[in-house]
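We use all heavy atoms of the structure for the numbers below, so side chains are in, but hydrogens, waters and symmetry mates are not.
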Amino acid sequence: MIKKAVATSLLAAIGLASPAVQAQELNIYSARHYQTDEALYGNFTKQTGIKINRIEAREDELIERLRNEGANSPADILITVDASRLAKADDLGLFAPVKSAVLEERIPAHLRTDTWIAFSTRARVILFNKDLVKAEQVQNYEDLADPALKGKVCTRSGSHPYNLSLGAALIEHNGAEKTEQWARGLVANFARSPRGGDTDQILAVAAGECGVAIANSYYFARLMNSPRPQDQKAAEAVSFVWPNQKTTGTHINVSGAGMLKYSPNKEAAVKFLEYLASDEAQIYFADGNNEWPAVPTTKVNNPALEKLGSFKVDTLPMTRLSASVAEAQRIFDRAGYR
Ligand SMILES: [Fe+2]
């Protein structure tokens, strides 16, 4: 025992650490960064002894970097948001298939693919100003194309992944032809040309510039949970709808992760994905951005999410969503939804 320890320390001293004593590492490329992330990664290292190195950048930059690095990439895991972006990475062949009984047991089937796995969900919801629009006019995504809403609808750009994923869900449920009619009706109802992000649409509804808007749930939850009085005031001025509760359920999207094809630390990578599906990590991961855990039994303690309550989820598999994103883009282009 002693001999081995001495030999090991000698090897380390001359810079020749044997593989057996080399600390395990995991390299993560992440397009997500929230306050709770430090605890998320720190606890993994505490539990497993595996050190995490992180590179954080925008999704497109990370994907470009992975393509350039190719087989020499040090990255083990890619974390990003939106099924369409995860699908893009998958289409480029960046992920390796993962087989894990833990993931299969913890993550519902509609939130998994053979390669990437969703770890939290967000809903695309409808928000309206009750002085300008009646609740019964805006209960479904389809309603937003009703000519009665002319001059009242606001959204961010049609080429943004959030709207493309919603378009893809509508194609899957209603068909391409109806979705194109819907997109044309939506564009005809715009209060203004698409501009800004989802928060800008919510604030414009609060200010009465728009009667109704589509936005991701966490932007609204963020305003509700904000310490700034003007944010809370805006959230209170806006009414909230879970769309399509009597039909398909509300369209959701995800934050997810996958093991990379050229990952040099595949064992550690699978361990990390399984860790993300643990209750503790689910709470950090989801709560960091006011999202819902992908694992249905995990409970978060988030005042805004609690206030919003529960809803019927559209359980369309993420794989079907990503299959129709390109068609959604073509349809939106033809409809002038830019
Ligand atoms: Fe977002």
Side-chain angles (χ1 to χ4, degrees), residues 1 4-5 7-9 11-12 15-57 62 65-66 69 72-81 86 89 94-108 111-121 254-289 291-301:
M1 270 313 264
K4 193 179 167 196
T8 302
S9 63
L11 280 172
L16 289 170
S18 77
V21 294
Q22 224 168 31
Q24 268 194 303
E25 287 196 335
L26 187 72
N27 298 314
I28 296 178
Y29 284 10
S30 174
R32 270 179 59 108
H33 182 76
Y34 302 112
Q35 282 161 355
T36 51
D37 285 4
E38 297 311 318
L40 175 78
Y41 296 116
N43 281 334
F44 175 72
T45 303
K46 223 185 282 170
Q47 285 176 21
T48 61
I50 299 168
K51 188 184 161 219
I52 290 180
N53 306 307
R54 261 183 297 159
I55 288 184
E56 283 167 359
L62 292 176
R65 186 173 176 142
L66 285 166
E69 289 170 345
N72 296 319
S73 177
D76 298 299
I77 295 276
L78 175 68
I79 300 179
T80 187
V81 297
L86 287 153
L94 297 177
F95 290 131
V98 170
K99 196 94 189 101
S100 157
V102 173
L103 293 173
E104 276 171 30
E105 193 208 309
R106 301 274 294 166
I107 309 287
L111 299 177
R112 278 188 271 122
T113 72
D114 292 338
T115 49
W116 58 268
I117 297 105
F119 290 104
S120 64
T121 64
V254 299
S255 292
M259 178 169 75
L260 293 156
K261 188 175 169 185
Y262 297 112
S263 158
N265 306 296
K266 288 209 164 68
E267 204 182 307
V270 173
K271 257 188 214 165
F272 179 76
L273 293 176
E274 290 176 345
Y275 164 76
L276 282 187
S278 68
D279 276 338
E280 175 197 5
Q282 279 284 292
I283 289 168
Y284 285 127
F285 196 83
D287 204 31
N289 189 33
E291 293 179 83
W292 293 277
V295 176
T297 49
T298 304
K299 296 272 167 286
V300 289
N301 181 17

Novice: Closest approach of Ser263 and Ala269, non-hydrogen atoms and distance?
Specialist: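 Heavy-atom minimum between the residues: OG-CB, 4.2 Å.
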Novice: Would a 4.5 Å heavy-atom cut-off, applied to side chains only, mark Ile77 and Leu273 as touching?
Specialist: yes
Novice: Going through the checks in order, is the side-chain hydrogen bond (donor to acceptor under 3.5 Å, both in side chains) test met by Arg32 and Ser255?
Specialist: CA-CA 9 Å; Arg32 270 179 59 108; Ser255 292; 3.0 Å; yes
Novice: Charged N to carboxylate O under 4.0 angstrom, Arg106 versus Glu274?
Specialist: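 Salt bridge between Arg106 and Glu274, a charged N being under 4.0 Å from a carboxylate O: no.
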Novice: Are Ile55 and Asn27 close enough, and set up right, to give a side chain to side chain contact (heavy atoms under 4.5 Å, CB included), and what steps lead you there?
Specialist: CA-CA 8 Å; Ile55 288 184; Asn27 298 314; over 6 Å; no
Novice: So Phe44 and Tyr275, would you call those rings parallel, tilted or perpendicular, with 30° and 60° as cut-offs?
Specialist: tilted
Novice: Heavy atoms only: give me the nearest Ile52-Thr45 pair and the separation to one decimal.
Specialist: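 Ile52 and Thr45 have their closest heavy atoms at N-OG1, 4.0 Å.
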Novice: Would you say Met259 and Asp76 make side-chain contact, with heavy atoms under 4.5 Å?
Specialist: no
Novice: Quick one: does Ile79's side chain get under 4.5 Å of Tyr29's, heavy atoms only?
Specialist: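 When only atoms from C-beta onward are counted, Tyr29 and Ile79 do not touch, as no gap falls below 4.5 Å.
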Novice: Atom CG of Asn301 and atom CG of Asp287: how far apart are they, to the nearest 0.5 Å?
Specialist: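 Reported to 0.5 Å precision, the distance equals 7.5 Å.
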Novice: How close do Leu62 and Ala31 get, heavy atom to heavy atom, and via which atoms?
Specialist: CD1-N, 3.6 Å
Novice: With a 3.5 Å distance limit and no angle check, can you tell me whether Thr36 reaches the backbone of Tyr284 through a side-chain donor-acceptor pair?
Specialist: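 Side chain of Thr36 to backbone of Tyr284: a pair is present.
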Novice: Measure the shortest side-chain to side-chain distance between Leu40 and Leu276 over non-hydrogen atoms and say whether it is less than 4.5 angstrom.
Specialist: yes
Novice: Would you call Ile107 and Val295 a side-chain contact if the rule is heavy atoms closer than 4.5 Å?
Specialist: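 SC-SC contact between Ile107 and Val295 confirmed.
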Novice: With side chain to side chain contact (heavy atoms under 4.5 Å, CB included) as the test, would you mind laying out the steps for Val81 and Val254 before giving the verdict?
Specialist: CA-CA 6 Å; Val81 297; Val254 299; over 6 Å; no
Novice: For the residue pair Leu260 and Ala75, what are the closest heavy atoms and their distance?
Specialist: CD1-CB, 3.5 Å
Novice: Pick from Leu86, Thr80, Leu78: which one makes a side chain to side chain contact (heavy atoms under 4.5 Å, CB included) with Trp116?
Specialist: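 The option that passes is Leu86.
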Novice: Would you say the side-chain atoms of Lys99 pair up with the backbone N or O of Asp114, donor to acceptor, closer than 3.5 Å?
Specialist: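 No, because the side chain of Lys99 does not come within donor-acceptor range (under 3.5 Å) of the backbone of Asp114.
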Novice: Would you say Asp279 has more than 12 foreign heavy atoms packed within less than 6.0 Å of its CG?
Specialist: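 Count over threshold, so yes.
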Novice: List the steps, then state whether side-chain hydrogen bond (donor to acceptor under 3.5 Å, both in side chains) holds for Glu280 with Asn43.
Specialist: CA-CA 9 Å; Glu280 175 197 5; Asn43 281 334; 2.8 Å; yes
Novice: Given Gln24 and Lys51, is the side chain to side chain contact (heavy atoms under 4.5 Å, CB included) satisfied, shown in steps?
Specialist: CA-CA 6 Å; Gln24 268 194 303; Lys51 188 184 161 219; over 6 Å; no
Novice: More than 12 non-hydrogen atoms from neighbouring residues, nucleotides or ligands closer than 6.0 Å to NZ on Lys261, yes or no?
Specialist: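 Incorrect, the count does not exceed 12.
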Novice: Side chains of Ser278 and Gln47: closer than 4.5 Å at any heavy-atom pair?
Specialist: no
Novice: Specify the closest pair of heavy atoms between Pro108 and Ala294, including all atoms of both residues, with the distance to one decimal.
Specialist: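 Where Pro108 meets Ala294 most closely, the heavy atoms are CD-O, 3.2 Å.
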Novice: With heavy-atom distances below 4.5 Å as the criterion, would you say the side chains of Asn53 and Ile28 are in contact?
Specialist: no
Novice: Run the side-chain hydrogen bond (donor to acceptor under 3.5 Å, both in side chains) check on Thr298 and Gln282 step by step: do they pass?
Specialist: CA-CA 7 Å; Thr298 304; Gln282 279 284 292; 4.6 Å; no
Novice: Is any side-chain heavy atom of Phe119 less than 4.5 Å from a side-chain heavy atom of Leu111?
Specialist: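 Side chain of Phe119 against side chain of Leu111, heavy atoms only: no contact under 4.5 Å found.
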Novice: Of all heavy-atom pairs between Ile50 and Lys271, which one has the smallest distance, and what is that distance?
Specialist: CD1-CD, 4.0 Å
Novice: Could you check Asp37 against Phe285 for side chain to side chain contact (heavy atoms under 4.5 Å, CB included), going step by step and ending with a plain yes or no?
Specialist: CA-CA 7 Å; Asp37 285 4; Phe285 196 83; 5.9 Å; no
